[in-house]
Amino acid sequence: MNVNIRHLHTSAADFEVEFQRVLHWSAETDEQIEERVAAILADVRVRGDAALLEYTQRFDGLAAPSVAALEITPAELQAALGAILPAQRDALEAAAARIRSFHARQLDACGRSWHYRDADGTLLGQKVTPLDRVGIYVPGGKAAYPSSVLMNALPAQVAGVGEIIMVVPAPGGERNAMVLAAASIAGVSRVFTLGGAQAVAALAYGTATVPAVDKITGPGNAYVASAKRRVFGKVGIDMIAGPSEILVLADGSTPPDWVAMDLFSQAEHDELAQSILLCPDAGYIAQVHAAIDRLLPGMPRQAVIRASLEGRGALIQTRSMEEACDISNRIAPEHLEISSSDPHRWEPALRHAGAIFMGAFTSESLGDYCAGPNHVLPTAGTARFSSPLGVYDFQKRSSVIEVSAEGAQTLGLIAAELAYGEGLQAHARAAEMRCKR
């Protein structure tokens, strides 16, 4: 059965209406989820370990005598690394090396302290320091995500974070060896088999066994997202992620099967994931649709892919590549592929995207696993104002000011004038006292 994916044309009279329907996604959470999450957070905050044990048994079917029994030791992580297939270990280590190298360059570019002196000897600068302790949430319900371990833990490690606490659900007590192996490779300090809102609460508030952290990163389900939103302020968070997205900007030069499979790569995540093609060539759009129909029956997750493409997907014909770039900027996608024979021609026009994949050979899936840049990206149009997870998310900056005696004579008069204007006499007098005249 053919896939009933939307075909839109920017020249159509109803394009804007239909385009907004494609983009519409409600970030509002279910009231019942919000109420349950609020109750779980409050309970863990008050009862600590006892509440964690209760919820872990109720939601994950995992009974334990203590929360300490839910911690995976460094020896167990190392054993998992030794137990996986050699090819799996090689792939994890190769991906980790590339991710670590990329984030080390981020550290060099923007993650170090600096200062300078004015002509009068005043020192001004910025002191960059890592967070003391962070928590990373790794999903573990429907699937296992060793790549998420690497993408969250390695930039924290490169940033110099003192302690990395990882939580991952283990339904029925089942532990994924590749996830644990990835934790060993990435230098995670401690791992607890905890999941859901209760794990977020433990990281935010701390319990007798689980230490409180300064920031929580990593994706999760609606309960995890709601919990992260609620604890923000007590701790930092990376972002509230929506369904995954891919936008392919194509000039018709890439094999249609490649583009169809790239659209599948996000659609297979979730029925609410979004896959969009922008292209000025009607014939090429038809070829991609034909490839979708031909390739879908061979996909193990074809039901999820079909639901995603038919519910939120679109094949959009534009008047030109320039117009396609304009529409891409309006969408601000999580993943943006420039599937063009000359991607560097179009890249300067593209201002908003979580990650930009240049050229026909750069599939989005390479970015998910091993290219090097982070795969934790802004979704739902938030790439207009936010960035991928990086070393800078695990650091903070302090301003450094050392005013010389000479500098105080000039700055004191400026500050006093402004302070009197604001009616803050003590501010003004504090500055004036340091002036010789």
Side-chain angles (χ1 to χ4, degrees), residues 77 81 91-114 126-139 145-168 178-191 200 203-204 211 213-220 224 228 232 235-241 244 334-335 353-357 364-379 382-383 385-398:
L77 298 182
L81 181 59
L92 282 174
E93 290 180 338
R98 294 186 62 87
I99 295 164
R100 187 178 284 111
S101 176
F102 177 87
H103 289 86
R105 289 177 180 267
Q106 276 188 345
L107 184 68
D108 288 336
C110 64
R112 300 193 185 280
S113 302
W114 53 267
Q126 185 169 267
K127 181 178 180 180
V128 178
T129 53
L131 304 183
D132 291 335
R133 182 187 292 136
V134 300
I136 63 172
Y137 188 98
V138 178
Y145 296 97
S147 59
S148 286
V149 179
L150 300 181
M151 294 292 181
N152 282 271
L154 287 171
Q157 187 189 59
V158 170
V161 171
E163 196 174 4
I164 303 170
I165 311 298
M166 178 174 129
V167 293
V168 56
M178 282 193 72
V179 167
L180 302 187
S184 178
I185 289 172
V188 172
S189 308
R190 300 176 70 180
V191 179
V200 174
L203 292 174
V213 302
D214 301 310
K215 189 168 189 174
I216 301 171
T217 71
V224 172
K228 285 173 67 178
F232 176 63
V235 295
I237 63 171
D238 50 353
M239 63 186 74
I240 303 296
S244 192
E334 178 187 17
H335 306 98
I356 301 174
F357 301 81
E364 178 278 331
S365 56
L366 300 183
D368 272 352
Y369 294 107
C370 58
N374 212 285
H375 78 191
V376 180
L377 303 169
T379 61
T382 59
F385 54 82
S386 54
S387 308
L389 189 71
V391 165
Y392 37 76
D393 286 296
F394 298 99
Q395 297 174 320
K396 53 187 175 60
R397 293 149 198 80
S398 302

Looking at side-chain heavy atoms only, is the closest gap between P219 and S148 below 4.5 Å? yes
Measure across [X] and [Y] and return the closest heavy-atom pair with its distance rounded to 0.1 Å.
X	Y	result
V191	A183	CG2-CB, 4.2 Å
L107	V158	CD2-O, 3.7 Å
A153	V188	CB-CG2, 3.9 Å
E93	I185	CG-CD1, 3.6 Å
M178	P146	O-CB, 3.6 Å
I99	H103	O-ND1, 2.8 Å

Test side-chain contact (heavy atoms from CB on, under 4.5 Å) on V200 and V224; report intermediate values, then the result. CA-CA 7 Å; V200 174; V224 172; 4.0 Å; yes
Verdict with reasoning, M166 to V179, per side-chain contact (heavy atoms from CB on, under 4.5 Å): CA-CA 11 Å; M166 178 174 129; V179 167; 3.7 Å; yes
How far apart are the C-alpha atoms of T382 and E334, what are their side-chain angles, what is the distance that settles it, and do they pass the side-chain contact (heavy atoms from CB on, under 4.5 Å) test? CA-CA 8 Å; T382 59; E334 178 187 17; over 6 Å; no
Is the shortest side-chain N to carboxylate O distance from K215 to D238 below 4.0 Å? no
To the nearest 0.5 Å, how far apart are [atom1] in [X] and [atom2] in [Y]?
X	Y	atom1	atom2	result
T217	Y137	OG1	OH	12.5 Å
F394	I136	CZ	CD1	8.0 Å
L203	I237	CG	CD1	13.0 Å
Y145	D368	OH	CG	10.5 Å
L154	R100	CG	CZ	5.0 Å
S189	R133	OG	CZ	9.0 Å

Would V376 and N152 count as a side-chain contact (heavy atoms from CB on, under 4.5 Å) here? Give the steps. CA-CA 8 Å; V376 180; N152 282 271; 3.9 Å; yes
Residues forming a side-chain hydrogen bond (donor to acceptor under 3.5 Å, both in side chains) with R98, sequence neighbours excluded: none
Sequence-distant partners of S147, side-chain hydrogen bond (donor to acceptor under 3.5 Å, both in side chains), two or more places apart: none
Could you tell me whether F102 atom CZ has more than 12 heavy atoms of other residues or ligands within 6.0 Å of it? yes
Considering the options H335, M151, M239, which one meets the side-chain contact (heavy atoms from CB on, under 4.5 Å) requirement together with L377? H335
Quick one: which residue pairs count as a side chain to side chain donor-acceptor pair (under 3.5 Å) with a foot in residues 389-398, not counting sequence neighbours? T129-K396
